[in-house]
Amino acid sequence: MANIIESNHDNQEDFYKSLKEKLEQQHNFPEEYLFKFIVPGDSEKITEIIRVFDGLKYTLSNRESSKGKYTSVSLQCFVMDADQVIDIYQRVAKIENVMML
(Lines give C-alpha, C1' and ligand atoms only; values in the text may rest on other atoms or scores of the structure.)
Protein backbone atom coordinates (compact mmCIF):
# COMPACT_ATOMS: atom_id res chain seq x y z
CA MET A 1 0.00 0.00 0.00
CA ALA A 2 1.11 3.53 -0.63
CA ASN A 3 1.87 5.82 2.25
CA ILE A 4 -0.78 8.42 2.94
CA ILE A 5 1.09 11.54 3.92
CA GLU A 6 -0.25 13.55 6.84
CA SER A 7 -2.78 10.89 7.71
CA ASN A 8 -3.67 10.89 11.37
CA HIS A 9 -6.68 8.60 10.96
CA ASP A 10 -6.92 5.18 12.54
CA ASN A 11 -8.04 3.49 9.34
CA GLN A 12 -8.39 4.11 5.62
CA GLU A 13 -12.19 4.31 5.75
CA ASP A 14 -12.01 7.26 8.15
CA PHE A 15 -9.30 8.88 6.04
CA TYR A 16 -11.31 8.69 2.81
CA LYS A 17 -14.51 9.84 4.53
CA SER A 18 -12.67 12.89 5.87
CA LEU A 19 -11.05 13.49 2.49
CA LYS A 20 -14.43 13.42 0.72
CA GLU A 21 -15.83 16.00 3.13
CA LYS A 22 -12.83 18.29 2.57
CA LEU A 23 -12.97 17.89 -1.20
CA GLU A 24 -16.67 18.74 -1.32
CA GLN A 25 -16.12 21.82 0.86
CA GLN A 26 -13.10 23.17 -1.02
CA HIS A 27 -13.82 22.31 -4.65
CA ASN A 28 -16.52 23.02 -7.21
CA PHE A 29 -16.81 19.82 -9.22
CA PRO A 30 -16.57 19.06 -12.08
CA GLU A 31 -13.13 20.65 -12.40
CA GLU A 32 -9.42 20.16 -13.00
CA TYR A 33 -7.82 18.51 -9.96
CA LEU A 34 -4.10 18.22 -9.27
CA PHE A 35 -2.86 14.82 -8.10
CA LYS A 36 0.70 14.64 -6.74
CA PHE A 37 2.77 11.58 -5.99
CA ILE A 38 6.35 10.76 -5.01
CA VAL A 39 7.84 7.55 -6.40
CA PRO A 40 11.25 5.91 -6.20
CA GLY A 41 13.33 6.73 -9.29
CA ASP A 42 11.59 3.92 -11.13
CA SER A 43 9.83 4.54 -14.43
CA GLU A 44 7.71 1.42 -13.94
CA LYS A 45 5.97 3.06 -10.97
CA ILE A 46 5.21 6.12 -13.06
CA THR A 47 3.75 3.87 -15.77
CA GLU A 48 1.57 2.12 -13.17
CA ILE A 49 0.25 5.48 -11.96
CA ILE A 50 -0.48 6.63 -15.51
CA ARG A 51 -2.50 3.44 -16.11
CA VAL A 52 -4.88 4.54 -13.35
CA PHE A 53 -5.65 7.61 -15.46
CA ASP A 54 -6.36 5.67 -18.69
CA GLY A 55 -9.43 7.08 -20.39
CA LEU A 56 -9.27 10.36 -18.49
CA LYS A 57 -8.19 13.77 -19.73
CA TYR A 58 -4.97 14.69 -17.92
CA THR A 59 -1.67 16.54 -18.20
CA LEU A 60 1.44 14.88 -16.78
CA SER A 61 4.59 16.46 -15.43
CA ASN A 62 7.37 14.90 -13.42
CA ARG A 63 10.66 15.96 -11.90
CA GLU A 64 13.54 13.91 -10.58
CA SER A 65 15.18 14.71 -7.27
CA SER A 66 18.72 16.11 -7.47
CA LYS A 67 20.26 12.67 -6.88
CA GLY A 68 17.67 10.80 -8.97
CA LYS A 69 16.49 8.73 -6.04
CA TYR A 70 12.89 9.97 -6.24
CA THR A 71 10.58 11.42 -8.85
CA SER A 72 7.67 13.75 -8.18
CA VAL A 73 4.73 13.06 -10.47
CA SER A 74 1.93 15.60 -10.98
CA LEU A 75 -1.20 14.92 -12.98
CA GLN A 76 -3.72 17.66 -13.67
CA CYS A 77 -6.92 15.74 -14.42
CA PHE A 78 -10.51 16.70 -15.17
CA VAL A 79 -12.73 14.96 -12.60
CA MET A 80 -16.48 14.93 -12.13
CA ASP A 81 -16.76 14.73 -8.34
CA ALA A 82 -15.08 13.91 -5.02
CA ASP A 83 -15.91 10.22 -5.43
CA GLN A 84 -13.85 10.08 -8.62
CA VAL A 85 -10.89 11.73 -6.86
CA ILE A 86 -11.11 9.19 -4.05
CA ASP A 87 -11.41 6.30 -6.51
CA ILE A 88 -8.19 7.44 -8.19
CA TYR A 89 -6.38 7.76 -4.86
CA GLN A 90 -7.57 4.31 -3.80
CA ARG A 91 -6.36 2.76 -7.05
CA VAL A 92 -2.96 4.46 -6.78
CA ALA A 93 -2.73 3.36 -3.13
CA LYS A 94 -2.48 -0.23 -4.36
CA ILE A 95 0.86 0.57 -6.05
CA GLU A 96 3.75 -0.21 -3.71
CA ASN A 97 6.19 2.52 -2.67
CA VAL A 98 4.09 5.43 -3.94
CA MET A 99 3.55 8.36 -1.59
CA MET A 100 0.43 10.44 -2.17
CA LEU A 101 0.49 14.14 -1.42
Spatial distance of atom [atom1] ([X]) from atom [atom2] ([Y]) [nearest 0.5 Å]:
X	Y	atom1	atom2	value
Ile49	Ile88	CD1	CD1	12.0 Å
Asp14	Leu19	CG	CG	12.5 Å
Arg91	Arg51	CZ	CZ	12.0 Å
Gln90	Gln12	CD	CD	7.5 Å

Side-chain contact test, heavy atoms from C-beta onward, threshold under 4.5 Å: evaluate it for [X] versus [Y] and give yes or no.
X	Y	result
Leu75	Tyr33	no
Asp83	Lys20	yes
Met99	Val39	no
Tyr58	Gln76	no
Lys36	Val73	no

Are the side chain of Lys45 and the backbone N or O of Glu96 linked by a donor-acceptor pair below 3.5 Å? yes
Does the Ser72 side chain pair with the main chain of Asn62, one donor and one acceptor, at a distance under 3.5 Å? no
How close do [X] and [Y] get, counting heavy atoms only, and between which atoms?
X	Y	answer
Pro40	Tyr70	CA-CD2, 4.0 Å
Leu56	Gln84	CD2-NE2, 3.4 Å
Phe29	Leu23	CE1-O, 3.7 Å
Ser74	Leu34	CB-CD1, 4.0 Å

Hey, would you say the Phe35 and Tyr89 ring centroids sit under 6.0 Å apart? yes
Looking at Gln26, I want to see if its CD is surrounded by more than 12 non-hydrogen atoms of other residues, nucleotides or ligands under 6.0 Å. yes
Go through the steps to decide whether Ile38 and Val98 satisfy the test side-chain contact (heavy atoms from CB on, under 4.5 Å), and finish with yes or no. CA-CA 6 Å; Ile38 303 290; Val98 174; over 6 Å; no
Residues clustered with Met80, ILVMFWY side-chain links under 4.5 angstrom: Phe78
Give the C-alpha distance, both sets of side-chain angles, the deciding distance and a yes or no for side-chain contact (heavy atoms from CB on, under 4.5 Å) between Thr71 and Arg63. CA-CA 5 Å; Thr71 301; Arg63 187 175 66 176; 5.9 Å; no
Listed by chain and number, what are the salt bridge (charged side-chain N to carboxylate O under 4.0 Å, His left out) partners of Asp81, not counting sequence neighbours? none
